[in-house]
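Read through the structure below, which is laid out as structure tokens, and then see the notes.
Numbers restart at 1 for each chain; the letters A, B, ... are given by sequence-line order, proteins then strands.
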Amino acid sequence: MNAFKPVLTEHIHQKDCHTLPFYKSVGGYKALEKVLAMQPDAVIQEVKESNLRGRGGAGFSTGVKWGFIPKDSDQPKYLINNADESEPGTFKDRLLMNKTPHQMLEGMIIASYAINCNTAFIYIRGEFYKEYQLLKKTLAEAYQANLLGQGIFGSDYNLEVVIHRGAGAYICGEETGLIESLEGKRGWPRIKPPFPAIEGYLHCPTVVNNVETLACLPHIINHGADWFKSIGSEKGPGPRLFCVSGTVNNPGVFEEPMGISLKELIFDRAGGIPENKQLKAVFPGGSSSAILTAEEALDVKMDFEDLVEKKSMLGSAGVIVMDETVDMVQACLNIARFYAHESCGQCTPCREGTAWLVKMLTRIVNGQGKPDDIDMLYEITDNIGGRIDFSKGSFGKTICPFGEAVAWPVRSFVEKFENEFRSYIQQVEAVA
Amino acid sequence: MPLLKIDDLEIEVKNGTTVLEAALENGIDIPYYCYHPALEIVGSCRMCLVQVEGMPKLQVSCNTFVGEVPPERKVDGNFDMVVQTQNDLVIQERKNILEFLLLNHPLDCPVCDQAGECYLQDYSFKFGNAHSRFDEDKRVRPNEYLGSQIVINHNRCILCSRCTRFTREISGTSELFVDERGYSSKIAALEDRPLNNLLAGNVADICPVGALLSTDYVHKNRIWNLQKKSSVCQDCSVGCNIDAFYQKRKIFRLNPRENQDVNGYFMCDIGRYGFHRFEDLERVTRPLFKSNGIFSEISWDTAIEKIGDKFNGAEEKVAGVLSPFHTNETNFMLGRFIKGIIGTFPHIEDEEITYPSGFRISSDRSPNKRGMHDVCPSIVDDLASEINDKEIRVIYILDNEIDKEIDETWNKILTKMDFIVVQAYAMTRLAKSAHLILPGLAPFEREGTITNDQGRVQWLRSVLPNNGESRPDWEILNLLYKTGERFSDINELMKGMGEQFPSYSGMTFFKLGDQGLPLNGNLKT
Amino acid sequence: MNTMATPQEKFIFANPDKVDRIFSQYPDKKSATLSLLHLAQAQEGYISGSVIDTIADLVECHPAIVMDCVSFYSMFFTKPQGRHKIQVCQTLSCSVNGADALVDHVTNKFSIKPGETTDDRRFTLMKVECLGSCGTAPVVQINNDYHEGLTNERFDELLESLP
């Protein structure tokens, strides 16, 4: 297969690729100039046409999201760049921020213009300190060059961009949790309705977009919606940054068209598994997705639809590879512990359920499992987040998708590797 | 108006009503914890989940709004929304949520104050599993004082956040917050800023389980031993509606009763705990006459006779001291009896406090100043001066509130009196200065009407029974009249009062009910 | 009850210009809370009761609400920490790439378990969740800096170099 020519990461190996002069030298901010001569609605239309779907995890159509902002409201509008990358297995936004911050910034300005926003925020996770310092310089460069502030490019459009650091909470990556955190409170997600597009930050219309999503925008403007749609799967097109980590020889971020096979991603791009060990299981879309067995993984394309068909999801495209040396029960506990630590505690099923899962799994790992535990694990995960079965009304038990995010992976571990769980428990029985 | 179908019930609701509100108004029992009509909706307990047709996920009924939908989206061509609250899926989910809530909850019912009035008990009984399948170590924390009046049992707390929302939205004092996150979350207050505002007692009321408890009531009794009477608080002129819980002759606690025109859902701690000052008083239960400095019991007939002699003899050189702590009927009767001048003791004012939610504690800490002035319009401004000017030596006093110190001016006046009658319920300083004491009722024994400072007349119902030979205060005053001029009962009295004061005409207890009525004509038949 | 000691001395921001700049960025005062907390922690090393009082005054809200916020985020500490916070990521990708060995290394060499600080206050060891650099696992964050793809040897050298 012809190697795909990267779009978002085309220049990341070049010296000073993060600076403004470099970015301009490769055509940076031309899209912005073009956009400023368009009507905001036309920009929204173009992005809708392109079928760009959010790269944060939810995969919602970006253009449609922008379209929800009320046009007749005289409240200030806000655009928030969600740089709170905390999904295990995901590290693409960090790459973009380090190597091509101006690409992301240009996208932010385009998005802000489209929704008539004059103050935009970058919510960056607190741990990304180096990236925060770099972004401060990036913004300074942009202000200097009149790409931000008053009268951008001589137009009458003004935009202020503010960097806001998070402080260590995965749940602040959820859009309403993020908005609460931006407002100076604890990151407890809000119930919907009202939706952020109507009542978001400070009760004003707000759009939250992921770093990678924003980085795609200049290219859509430059090359057109049709060009974008021609890359990868039609229903969810475009170049995508796939992160591969875990037990692989060559972990990293790989820019490929949507729809690349997972097999190729793991065995070609990421160099396969060290010492030729066998593939055992894979997280296709960050730890909030259901795991795939080796068999399923070798047969799936990395796009929204195919993964849903396999009862998992593309999510943040954070592929975590687990080879035969990885104990599935320990991995399950590891993930459950992550969610228990990050649960915001607001609603009942998640707060109590995640802790219950951790206690039970810990007990099993420590050799004190009971035969009933397997069924209970199924029950508890069902009760927190329900099943990936959109025909049954059995999910939505939690305020935000965190419930599904813990239930789906944990359940998938038990479902697909039940024998490993049983053997932990049977050891107890053998001893007893 | 949108048409909503809940289970088998088809109802028209106002646009924007939530499914939960519509259900509760129509007698459909959807369980809930975090929802409270006075507080912001958070939808965090997940107990009120219902199935809404057309939505794949279960929805929390507290945040699902019913509105008109275009004809092509109506369900069955007819309904704007169809909701199931009792189908298998919803019932199963409730069981599951309850199981999660009970995970760490101790089996404390036998020793928990909330037993018998606990939402967790009620819903577990109605909707829950009989057994918990939780086989791990429970999270255990010691109890803590959040303020001097409120103690929290963390193990029972279900983190519904009603208490923290209360301190932010209603009292505006924000003392309570949630500490940490996830499973480690707990309700807390800063050590140097405890929960000590005057609305603190309400958090124990709104706590749906036995986590937040009032230190005043903790371990004192059980709800099933107590009887309840609705009445009105008498500790300021706002007149919050209350429920008094008592057993035999003792009140154990007061709780606020809902009245959207007076106090909303809450009451202040002054009124809430104020009933204690009437306990263990040295009661006066028989008419007493002082001779040679010593009080001895006399019969009612003798007492009435003595009063008759002195007051008829003095003609208009008599004074009457009314009281804003007494009912309209009592004040009315004394006002009519006194042929001379009537007035009051100096009024005591305290701090007026208004909370962000609008809840108010009046600076006037008496319940009936407005009513007293309404039914006794000839009250003079400065009774003390008028008594001195007119050299009045015979006086009839309604004992004011509880044992207050008598100021200099009045002390002098009382020492100059030839005959002082005090109608009192306890041997207060004022009673001790009397020549004749008539035993009236204590505040929680009184029955009548009182008018708050907004002009709302409310039914003050008696909670406790009479003591000894004490009689209702209006009845005592009734005896001072000639037989033919007396009222046969309090209803007749109210009629008579209404004839003289048109704004009070047509008033009966029945009409006032438990929410009272505003003046300005609504009482007219 | 929260066990913050009653503040003794009032906390004052060393750099009032920075405080002003922070406030100027947001449309309302409360939004400045997290940024102010970061600034205060950089100055004091941790969030003390007096920090909370000062920030509550500045953003015009009750100190309990600031505490509500502080206690939610794992990057804010309400107790003094060691000079170097050794934060080892323990989530899946790092876990399968030797994170546990790094933790054990610190425990064995400096006799502190996760959550503990050395007596000389040089190191505090913490196990944290995904740091967002799974491709270079295992990852350790020491104070503000990421150290990626660590082997035990390189980790040891790194620790030795810290004063």
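- Evaluation of the salt bridge (Lys or Arg N to Asp or Glu O under 4.0 Å) test over residues 112-127 of chain C, restricted to residues two or more places apart or in two chains, returns none.
- Within a 6.0 Å sphere centred on NZ of B/K220, heavy atoms belonging to other residues, nucleotides or ligands number more than 12.
- Take B/F245 and apply the ring pair (Phe, Tyr, Trp, His ring centres under 6.0 Å) test, not counting sequence neighbours, and it matches no residue.
- Taking every heavy atom of both residues into account, C/D68 and B/V178 meet most closely at OD2-N, 3.1 Å.
- By the 6.0 Å contact criterion, NZ on C/K30 is enclosed, its count of non-hydrogen atoms from other residues, nucleotides or ligands being greater than 12.
- Sorted by first and then second residue, the ring-ring contact (aromatic ring centres under 6.0 Å, His included) pairs involving residues 28-53 of chain C (not counting sequence neighbours) are C/H38-C/F76.
- Rounding to the nearest 0.5 Å gives a distance of 8.0 Å between OG1 of C/T78 and CG of B/D179.
- The two residues B/S174 and C/A64 come nearest to each other via the heavy atoms O-CB, 3.2 Å.
- Nearest heavy atom pair, residue B/R181 against residue C/F72, reads NH1-O, 3.0 Å.
- Identified by a heavy-atom distance below 4.5 Å to chain C, the contributing residues of residues 157-173 of chain B are B/R168, B/T173, in residue-number order.
- Here the shortest heavy-atom pairing between B/R193 and C/H62 reads CD-CE1, 3.6 Å.
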